[in-house]
Amino acid sequence: MFWHNFKNCTAVILKGKTTIFWTLIFPIALATFMYMAFGNLMEKEEMFHDINVAVVSSDEESQLMYVIDSLSEGDDSLLNAEKMTEEEAKKALSDETVEGIIFADEVRLTVNENSADASILEGILSSYKQNEYAIKNIIEEMDGMPDEAFIRTLTDDIMADVSYYTEQSVSKGNQSLYTNYFYAIFAMSCLFAAYSSITVTGNLQANESGRGMRKCISPNSKLVFILSEFFSLLVIHSVVEIIAFLYMKKVLGIDFGDKNPEILLTLFAGCMIGLAIGFIIGAVSNIGMEGKIGIVTAVGLGLSGMADLFVNGVKHAIEQHVPIINKINPAALITDCFYSLNVYDDNSVFFQNIVIMAVESVVLLLIAFMMVRRNKYASI
Amino acid sequence: MSTVIEVNNLVKRYKDLVALDHFSLKIEEGEIFGLLGPNGSGKTTTINCILSLLSYNKGEIKVFGKEMKPTSYDAKKDIGVVMQNVAVFDELTVYENIDYFCGLYIKDKETRKKYVEEAIEFVDLSDHRKFLPKKLSGGLLRRLNIACGIAHKPKLIFFDEPTVAVDPQSRNKILEGIKTLNENGATIVYTSHYMEEVELLCSRILIMDKGKKIALGTKDELKRMIKNTETIKVEVLGLETDYLEKLKKLPHVYDAVYEEDLLQLYFSGGKHNLIRVMEFFKENDISFGRVTTELPTLNDVFLEITGKELRD
Ligand SMILES: Nc1ncnc2c1ncn2[C@@H]1O[C@H](COP(=O)(O)OP(=O)(O)O)[C@@H](O)[C@H]1O
Ligand SMILES: [Mg+2]
C-alpha cells in the first residue's frame with residue numbers, strides 16, 4: 001500500500017505539471033533575476049579585511065581587552081589591534097593608518113567618520129556594551145582567567161551581531177554578502193513546498209474531493225496515506241531544490257563554499273518542514289482550496305519575513321525580545337544553517353538546527369494525522 | 001440469505017436541516033435494492049452515512065452484520081462505491097486510474113492486473129485505456145467512474161445515480177452491467193430519481209422523500225398500495241360537461257378530468273374499462289382521436305402518497 005500510494009502521488013504531482021513547474025521555476029527564476037541585478041556588485045565587492053584599530057588601555061587584563069585580543073586572533077580575525085598611547089593613537093587616526101581608536105578603560109570609540117569600517121567598530125563596541133554585565137560576571141567567576149571556549153562563543157556572538165548592525169557579512173570565507181540572498185531563495189522555496197502538500201491532502205479528504213472519498217472508503221489507514229504521500233513529496237521537492245542548487249552553482253557560478261553535503265542536508269530538512277507545514281494546513285477542513293493557498297502563502301511569507309528575507313533587522317529584533325521564535329521559525333533555521341556553515345568551522349549549530357527542523361516536522365505530521373484520522377465528516 | 005445492510009432510526013442533520021429523519025432500511029444479500037426519491041430526498045446522505053464518511057446524530061448502522069465504523073476495514077474490503085460525482089485523477093489515464101483505486105484493495109500485482117483488465121472490459125473502455133479523463137465524453141467518464149468503483153470485485157456495491165447526464169446508449173450499458181454484477185453475486189444498492197430505471201432494475205424499492213421512508217416493496221407491491229389501477233386518456237374535441245358527468249358514473253371510475261382537449265379517466269379495479277369507454281363514445285356518437293391506456297407507475301405511487309410529482 002505504501003509504495004502503491006507513493007507511486008500514485010508521485011505520478012499525480014509529476015503529471016500534473018503545474019505544481020512541479022512552479023516549484024521549480026520559482027527558485028530558478030528568482031535566482032536568475034537576482035544574479036542579473038547583483039551581477040556587477042558581486043564581482044566588485046571586496047573581500048572582508050581586518051580593520052586596523054588603535055587601542056588605548058591602562059589595564060592589560062580588562063574584559064574588553066580579552067574580547068579585542070580574541071577578535072584579533074586566528075584566521076577569521078576581525079581586527080588588527082595595536083596598543084598605543086593616546087597621542088600615538090590620535091596621530092595614527094589623523095594619518096589614517098588606523099580606522100579608529102578604542103579607549104578600553106572607558107569603553108569608548110573614536111572613529112574616522114569617512115571610514116567604511118566605522119560602523120563595524122561601532123557594532124563591536126555596542127554589542128560588547130550590551131553584553132558587558134554578563135561578561136563581567138562570568139570573568140569574575142572565572143577568577144580573571146576566562147577559558148578559550150567562552151571567549152570563542154562571545155566573539156562569535158559579537159561577529160554575528162556586527163553583521164546585523166552593518167548589514168555586512170563579516171565572514172572570512174570566500175563568499176560574498178550576496179550569497180545570503182540566494183540562501184533566502186532556498187528558504188522560501190522550501191516553505192512553498194507546502195503548496196504541494198495541500199494539493200495532496202485535498203486528494204485525501206472525503207469532504208474535499210471524490211478522490212478523497214474513494215481513499216476514505218478503502219480499507220486503509222490514513223497514516224499510510226499521509227506517510228507515503230509525504231515521502232513522495234519529500235523526494236520530489238528535494239530533487240527540485242537540488243536542481244535549483246546545481247543551477248545556481250554551475251550555471252550562475254555562485255559560490256556556496258565547499259560544504260555540499262551539509263547544504264543538501266539543509267535543503268532536505270527544509271523541504272521536510274515546508275511539506276509538514278503544508279500537511280497541517282491541508283488537514284484543516286472546511287476552508288477550501290483557495291483558503292489553504294492563502295494560508296500557505298501568508299505563512300510562507302510571514303516566516304520568511306521574520307527571518308530577514310525581505311528586510312534586515314527583523315530577526316535581530318526577535319532575537320532580542322523573543323529569541324525562542326528564531327529557534328523554531330523554519331525560515332530562520334534554514335538561513336541559520338547556511339549562515340553557520342559559512343561562519344563556523346564547527347557544525348554543532350548547524351546540526352542543532354537540522355535536528356530542530358526534523359523534530360518539528362515529525363510533530364506537525366503527527367498533528368496532521370490526528371486531524372484527518374477522524375474520517376467521519378459532518379458535511380460532505 | 002443474510003442481511004447485508006441494516007440501518008435503524010438514522011437521524012442526520014446538516015445544521016438546521018434534517019436530511020434523514022428516523023430512517024431505517026434492511027437490505028438482503030443478492031438484492032438489487034432501489035432507493036427512489038426526488039433530488040434532495042437524502043439518498044446520497046444515506047449512502048455516505050452507511051459508508052461511515054458522514055457523522056450522524058442518531059441511529060445504528062450495521063454492514064455485513066457488524067457495526068460500521070471508519071476503521072471497519074474488513075467490511076470496507078468488500079464494498080464498492082460508484083459515486084454520484086465522477087471521482088478520478090485528472091492527471092492519470094483510464095488504466096492508471098482504475099489500477100490505482102483497485103490497488104487500494106488488491107495487493108497482489110497479478111490479480112490486480114487481471115481485475116483491472118476485467119473492469120476495463122466490463123465498462124467497454126478497451127479503446128480508451130490510455131485516455132486522460134478530460135478526453136472522455138460524459139458517458140465514457142461515467143463508465144470510468146464505475147470501473148474505479150467495482151474493479152476490486154466487491155460483494156456490496158453502491159450506485160449513486162450512475163445514469164445522470166448520460167446518453168441513452170451508455171445508460172443501457174450501465175443498467176445491463178449492473179444486472180450482470182448482480183447475477184455474479186453482488187448485492188446492489190441503486191439510487192435514482194428516475195422511476196423507470198428503478199422499476200426495470202430493482203428487486204425491491206424504497207421510496208423516500210425529505211429523509212423519510214414513504215413506501216417499501218417490490219414494484220407490484222408498491223403499485224397495489226394505491227387506488228389507481230389504470231388511467232385511460234382520450235383525445236376529444238369540445239366534450240360537453242354532460243358527457244363528462246356521465247363518464248364519471250361509469251363503473252370503477254373514481255375521477256375524470258377534461259383539459260385542453262384531453263380526457264383522463266382514472267380507474268380503480270375493473271377488467272373491461274377500455275371497452276366500456278369505447279362503447280360510451282359509440283353510443284353517444286362522439287368522435288375522438290388517439291386513445292391510450294396506462295398502468296400505474298411509481299410516479300403515481302409517489303404522487304398519491306406525497307401529493308407531488310416525483311420528477312423535478
Ligand atoms: N453538505 C451539506 N450541507 C448542508 N446540506 C446538505 C449537504 N449535503 C446535502 N445537504 C442537504 O441534505 C438533503 C439531502 O441531500 P442528498 O442526500 O444529497 O439528497 P439526494 O442524494 O437524494 O439528492 C438536501 O436537502 C440537501 O440540500
Ligand atoms: Mg444524491
Side-chain angles (χ1 to χ4, degrees), chain A residues 1-21 196 199-226 228-229 232-233 236 285-286 289 369-380, chain B residues 12-15 17 19 44-45 47-57 61 63 68-93 96-97 99-107 109 112 132-133 145 148-149 151-152 154 158 160:
Chain A
M1 239 315 288
F2 183 92
W3 286 113
H4 181 65
N5 206 52
F6 179 96
K7 278 187 263 176
N8 167 262
C9 178
T10 312
V12 166
I13 292 287
L14 293 183
K15 290 184 181 174
K17 294 191 186 85
T18 14
T19 322
I20 200 70
F21 175 77
S196 298
T199 309
V200 162
T201 48
N203 284 338
L204 183 59
Q205 304 253 61
N207 59 350
E208 286 194 27
S209 67
R211 295 172 294 276
M213 256 161 108
R214 284 204 196 278
K215 288 185 187 179
C216 286
I217 58 171
S218 78
N220 299 295
S221 156
K222 287 256 172 123
L223 190 59
V224 180
F225 282 114
I226 287 202
S228 56
E229 293 172 7
S232 155
L233 292 184
I236 293 174
S285 46
N286 297 330
M289 200 57 184
F369 166 64
M370 295 303 205
M371 286 163 77
V372 296
R373 190 182 49 149
R374 129 216 83 82
N375 36 3
K376 271 193 187 178
Y377 297 85
S379 165
I380 287 182
Chain B
K12 169 65 188 172
R13 284 191 210 98
Y14 294 110
K15 300 216 171 74
L17 184 124
T44 303
T45 303
I47 292 184
N48 287 343
C49 285
I50 295 175
L51 293 172
S52 250
L53 284 173
L54 272 175
S55 59
Y56 41 88
N57 305 82
I61 296 172
V63 177
M68 186 68 177
K69 288 179 293 193
T71 50
S72 304
Y73 298 143
D74 277 345
K76 283 177 163 191
K77 254 199 289 237
D78 290 324
I79 299 177
V81 184
V82 175
M83 282 132 191
Q84 182 167 4
N85 300 315
V86 175
V88 296
F89 286 97
D90 300 332
E91 299 87 351
L92 304 181
T93 63
E96 289 165 338
N97 263 298
D99 181 60
Y100 172 65
F101 290 116
C102 185
L104 296 180
Y105 298 82
I106 309 291
K107 314 279 175 251
K109 269 204 175 139
R112 189 165 92 221
L132 289 175
N145 195 43
C148 291
H152 57 287
F158 294 86
D160 196 357

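Convention: sequence-line order gives letters A, B, ...; per-chain numbering from 1. In what follows, every heavy atom counts, from backbone to side chain, and hydrogens, waters and symmetry copies are set aside. Keep in mind it's a predicted model, so treat the numbers as computed, not measured.
- For NZ of A/Lys17, the number of neighbouring non-hydrogen atoms (other residues, nucleotides, ligands) closer than 6.0 Å is 12 at most.
- In terms of heavy-atom pairs under 4.5 angstrom with chain A, the leader among B/Asp99, B/Leu132, B/Leu104, B/Asn97 is B/Leu104.
- Contacts with chain B were tallied for A/Gly16, A/Ala11, A/Ser221; A/Ser221 has the most, counting heavy-atom pairs under 4.5 Å.
- Contact annotation for B/Ile79: neither backbone nor side-chain heavy atoms come within less than 4.5 Å of a heavy atom of chain A.
- Both the backbone and the side chain of B/Asn145 come within contact range of chain A, judged by heavy atoms closer than 4.5 Å.
- The aromatic rings of A/Phe2 and A/Phe6 lie parallel to each other, their planes meeting at an angle below 30°, with 60° marking the opposite boundary.
- Both the backbone and the side chain of B/Lys77 come within less than 4.5 Å of a heavy atom in chain A.
- Of the atoms belonging to B/Lys12, it is side-chain heavy atoms, and not backbone ones, that fall under 4.5 Å from chain A.
- Using modelled atom types, no side-chain atom of A/Arg214 and backbone atom of A/Ser209 make a donor-acceptor pair closer than 3.5 Å.
- The most heavy-atom pairs under 4.5 Å with chain B, out of A/Ile13, A/Asn5, A/Ile217, come from A/Ile217.
- Between chain B and the residues A/Gly212, A/Gly210, A/Pro219, the largest count of heavy-atom pairs under 4.5 Å involves A/Pro219.
- For chain A, no part of B/Asn85 is nearby; none of its heavy atoms comes within less than 4.5 Å.
- A donor-acceptor contact shorter than 3.5 Å is absent between the side chain of A/Lys215 and the backbone of A/Lys222.
- Interface residue B/Cys148: backbone and side-chain heavy atoms are both found under 4.5 Å from chain A.
- In this structure, B/His152 and B/Tyr105 have parallel ring planes: the angle between them is below the 30° cut-off, well short of the 60° mark.
- Only the side chain of B/Tyr14 comes within less than 4.5 Å of a heavy atom of chain A; its backbone N, CA, C and O stay farther away.
- Only the side chain of B/Glu96 comes within contact range of chain A, with at least one heavy atom under 4.5 Å from a heavy atom of that chain.
- Side-chain atoms of A/Phe225 and A/Val372, non-hydrogen and from C-beta on, never get closer than 4.5 Å to each other.
- A/Asn203 places no side-chain N or O within donor-acceptor distance of the main-chain N or O of A/Arg211, the cut-off being under 3.5 Å.
- The two residues A/Met213 and B/Asn48 come nearest to each other via the heavy atoms CE-OD1, 3.6 Å.
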